[in-house]
Amino acid sequence: MKILSIETSCDETAIALLEASGGLSRPKFKILENLVASQIDIHKPFGGVVPNLAKREHIKKMPILLNQMIGKKSPDDFFAEIDLMVVTVGPGLEPALWTGVTFAKELAKAWKKPLTGANHLEGHLYSPLLEGGKLEFPAAALIVSGGHTILLRMKDISNWKKIGETRDDAVGECYDKVARLLELPYPGGPEIEKLAKEGDPKAISFPRPMIYQKNYDFSFSGLKTAVLYYLRDNKTARKADVAASFQEAAIDVLIAKTLKAAKEIGAKSLIIGGGVAANKTLQKSFATAVKKEKLALKLFIPSLKFCTDNAAIIAAAAYVDYLKGKKRKLSARGNLSL
Ligand code: KG4
Ligand code: ZN
C-alpha cells in the first residue's frame with residue numbers, strides 16, 4: 001500500500017511517500033519521497049524553537065513540499081495512487097501539530113482518502129525498519145529525542161512496554177541547555193558533539209545521575225546544573241573539555257541503564273532512535289560497550305536522516321498501527337505518551 005505521511009510536531013516540516021508491504025512479522029518499506037524543510041535558520045536567532053514561528057512556517061511550507069512531491073503529475077493522478085494518509089498527532093508543540101492535522105484533514109476530505117493519526121515516538125521506535133532492519137525479539141529500545149528519554153522492552157514488533165523514562169529533562173533537552181550555557185548556537189546537540197571532538201572527556205568528572213539505581217529511569221537536570229556550577233566556578237574552563245566531559249557523562253548513563261535492561265530482557269536486538277541517536281560518539285560508545293560486555297545482540301541505529309525528525313518514520317508507525325487494526329483520533333495532543 002502507498003502511504004502519504006505528514007509530520008509537523010516541532011521544527012521540521014516533513015512529507016513522505018512510502019510503499020509498505022508485509023505483515024507484523026516483517027513489515028517492509030520502500031521510500032519513494034522523504035522531504036524535510038528545516039526551520040533551523042528561523043529559530044536560530046532565538047536560541048530555541050519559537051512555537052508560533054514554527055506554526056507559521058509549517059503552514060507556509062506544507063503546500064510547497066506537497067507540490068514538490070506531486071511534481072509533474074496531476075494532483076488527481078497523484079492522489080489516485082494513495083491508499084492511506086497519516087499525520088503526527090503528538091507528542092510535540094501543539095500549535096505546530098495542529099497545522100499538520102488541519103492540512104491533512106483538508107487533503108483527505110478533498111481527495112476522499114482514509115486518514116489516521118500517528119504517535120511521533122513510535123516513529124522513532126520503528127525507524128530502523130525503514131532501512132530493512134531485521135529485528136529479532138525480544139528486544140530493548142531506547143528513544144532519545146529533544147523531549148523524551150524512554151526505555152522499552154519489546155516482546156515483538158507491536159507488543160512492548162515502557163520500563164523507564166526520564167524524571168525531568170530529556171537527554172536531547174540537556175544537550176540543548178548545556179549548549180546554551182556554552183554559548184553554542186541552536187540546535188545544541190550537534191554543536192556539542194562537534195566541540196567535544198576537540199576536548200578531553202576525562203577532564204572534568206561530572207555526575208552520572210541515577211547510574212547505580214536499580215530502576216530504568218533517568219534524570220538529566222542535575223547534570224545540566226553541574227555544568228552550570230562548573231562554568232560559574234571555573235571562568236577559564238576550556239569549553240571543549242566541558243562539552244566532551246558532559247557528553248561522556250550523559251552517554252555513560254544511557255549505556256549503563258540500557259545495557260542493564262537489555263541483559264535482563266535477554267534482548268537479541270537493541271534499537272536506538274531519536275535525534276540524539278544521530279550522535280556518532282554515542283553510536284561508537286554503544287557499539288564498544290555491547291562488544292565489551294559480550295552481549296549477543298544486534299544494534300539498530302538508523303542513519304542520520306532517520307534519527308532526526310522526518311515523515312518517513314511516521315509512515316512506518318502508521319503501517320504498524322494499520323497492521324494491528326489500530327486507529328487514532330485526529331486531534332493534536334502535545335503530551336501524547338507512548
Ligand atoms: O528526534 P528529534 O529530531 O526531535 C524530537 O522528537 O525531539 O530530536 C531533537 C534533539 C535535539 O535535542 C537535538 O539537540 C538532539 O536531538 N540532537 C543531537 C544530535 N543531533 C540532534 N544530540 C546530540 N548529538 C547530535 N548529533
Ligand atoms: Zn523526534
Side-chain angles (χ1 to χ4, degrees), residues 5-14 16 34 36-40 43-44 47-49 51 54 88-94 96-97 100 118-128 130 141-150 165-166 169-182 184-197 199 201 220-221 223-224 243-244 246-251 253-254 271-286 301-317 334-338:
S5 57
I6 297 172
E7 149 69 39
T8 62
S9 68
C10 191
D11 57 348
E12 320 273 13
T13 314
N34 191 18
V36 181
S38 168
Q39 299 180 1
I40 286 182
H43 301 289
K44 207 170 225 163
V49 182
T88 305
V89 290
L93 301 169
E94 229 158 82
L97 287 163
N119 183 318
H120 182 89
L121 297 171
E122 292 187 9
H124 284 306
L125 176 64
Y126 294 126
S127 55
L130 294 172
L142 173 69
I143 299 173
V144 276
S145 69
H148 297 83
T149 308
I150 299 174
E165 65 188 322
T166 184
D169 291 354
V171 63
E173 186 181 357
C174 189
Y175 262 91
D176 295 335
K177 286 178 175 169
V178 168
R180 230 169 286 153
L181 295 175
L182 292 170
L184 297 170
Y186 152 89
E191 294 289 333
I192 296 235
E193 177 176 20
K194 207 166 34 168
L195 183 60
K197 289 205 172 87
F220 288 101
S221 79
L223 175 56
K224 164 202 68 195
F246 153 73
Q247 178 162 273
E248 187 164 274
I251 293 175
V253 182
L254 292 173
I271 298 169
I272 310 180
V276 184
N279 187 294
K280 291 272 180 288
T281 310
L282 175 145
Q283 297 183 3
K284 276 187 217 140
S285 306
F286 260 97
I301 306 179
S303 46
L304 177 69
K305 64 175 185 280
F306 298 123
C307 282
T308 50
D309 289 349
N310 64 89
I313 62 172
I314 301 309
N335 61 358
L336 185 67
S337 61
L338 256 185

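We count ligands from 1, going down the list as the structure has it; atoms in each ligand are counted the same way.
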Is Glu94 reaching over with its side chain to a backbone N or O of Gly334, donor-acceptor style, under 3.5 angstrom? yes
for atom 26 (N) of ligand 1, nearest protein heavy atom and its distance come out as Glu193 OE1, 2.7 Å
Should Asp169 and Ser221 count as side-chain neighbours, where that means a heavy-atom distance under 4.5 Å? yes
Cut-off under 2.8 Å, centre the Zn ion (ligand 2), protein N/O/S atoms: His120 NE2, His124 NE2, Asp309 OD1
Check whether any side-chain N or O of Glu193 sits under 3.5 Å from a backbone N or O of Lys280 as a donor-acceptor pair, and report yes or no. yes
min-distance protein heavy atom vs atom 24 (N) of ligand 1 -> Asn279 ND2, 2.9 Å
Do any N/O atoms on Gly172 end up under 3.5 angstrom from N/O atoms on ligand 1? yes
Which protein non-hydrogen atom lies closest to atom 6 (O) of ligand 1, naming both residue and atom, and how far is it? His120 NE2, 3.1 Å
So, regarding Gly146 and ligand 1 (criterion: nitrogen or oxygen to nitrogen or oxygen, under 3.5 Å), is there a contact or not? yes
Shortest protein heavy-atom distance from atom 13 (C) of ligand 1, along with the residue and atom involved: Asp176 OD1, 3.8 Å
Considering only heavy atoms from C-beta outward, does the side chain of Val144 approach that of Leu254 to under 4.5 Å? yes
When distances are taken from atom 2 (P) of ligand 1, the protein heavy atom at minimum range is Asp309 OD1, 3.3 Å
Check this for me - ligand 1, Gly274, N or O atoms closer than 3.5 angstrom, yes or no? no
If only atom types and distance count, is the side chain of Ser9 paired as donor or acceptor with the main-chain N or O of Gly92 below 3.5 Å? no
Under-4.0 Å heavy-atom contact with ligand 1, by part of His124 that carries it: side chain
Any side-chain donor near an acceptor of the partner, His148 and Glu165, under 3.5 Å: no
Any nitrogen or oxygen of Gly275, main chain or side chain, under 3.5 Å from a nitrogen or oxygen of ligand 1? yes
